[in-house]
Amino acid sequence: MKIEVDLHTHSNYTAHAYSTIYENVMYAVKRGLKGIGVTDHGPNFEDGGHIWHFHNLKDLPKVAEGVHLFRGIEANLLNPDGKMDTEFVKPHKLDYIIASYHGPFEGIITKEDLENAYLNAMDNPQVKVLGHIDRGFFEVDFEKIIKKAKEKNIAVELNKHSLELDDTYRGRVIKIAKICNDLKAPVVVNSDAHFCTDVGNVENIFELLEQLDFDCSLIINTSFERTLKFIGGEQ
Ligand SMILES: [Zn+2]
Ligand SMILES: [Zn+2]
């Protein structure tokens, strides 16, 4: 099992990532990917991308070296109302938003605040992916969040980096995968690459899913065509 599109990659427009978009594309070619999401951190993260980066994503070609480029942002959840740092960019300039939490931000203090931030952000029609919901100081009610994600046809991310962080995060990823499997919720498997050699590198997630006897038909981004439709808003 492999992915055809990696919907979560960082370029060096994020200060703590180290490769250009073109280098990411070249590793996508090496791994046989058909597409990548260019999803640098939103500007409210200390080392997130400059707003002009997002305004000007239209200048990226749709396809480079045979790899489709999806124009995205890994937005920061800022408060329990689901506000994100995307308001500065007109919706038509982005193909999709990954809603992620990289706190602490002043507006999100408690577990309930973070749950509400996820739940309310999903009412934004451009949110197509919930990024690494395993992260944070507290464990949110995964089931509540995944139920709404399914209702809204938003994919829950299984993130390669989370598995590598420590046993707490690994445990949370396992819980998330099991709940998605039980609820038959849509999932994407992403690298969250911060260096080009990691683009499309998600073997550890597939090893885990095999152990869990996971229903792989729930994974959107193993198919380029399915991903294209999904990002375009189709079921
Ligand atoms: Zn993130
Ligand atoms: Zn990321």
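Order of appearance sets the numbers: ligands from 1, and atoms from 1 within every ligand. In this text the structure is predicted, and so the values were computed from the model without any measurement.
With the Zn ion (ligand 2) as the vertex, NE2 (H8) and OD1 (D192) define an angle of 80°, rounded to 10°.
When the options N190, T39, D192, N221 are evaluated for a side chain to side chain donor-acceptor pair (under 3.5 Å) with H8, the one that passes is D192. For the pairing with E115, the salt bridge (Lys or Arg N to Asp or Glu O under 4.0 Å) check across K144, K148, K147 returns one residue only, K144.
A donor-acceptor pair is defined here as one N or O able to donate and one able to accept, closer than 3.5 Å; no such pair exists between the side chain of R71 and the backbone of K62.
The shortest heavy-atom contact between M84 and L78 is C-CD1, 3.7 Å.
Taking the Zn ion (ligand 1) as reference, the nearest N/O/S atom within E74 carries the name OE2.
In summary, an N, O or S atom of H10 is located under 2.8 Å from the Zn ion (ligand 2). Coordination check, H102 versus the Zn ion (ligand 1): passed, since an N/O/S atom of the residue sits under 2.8 Å.
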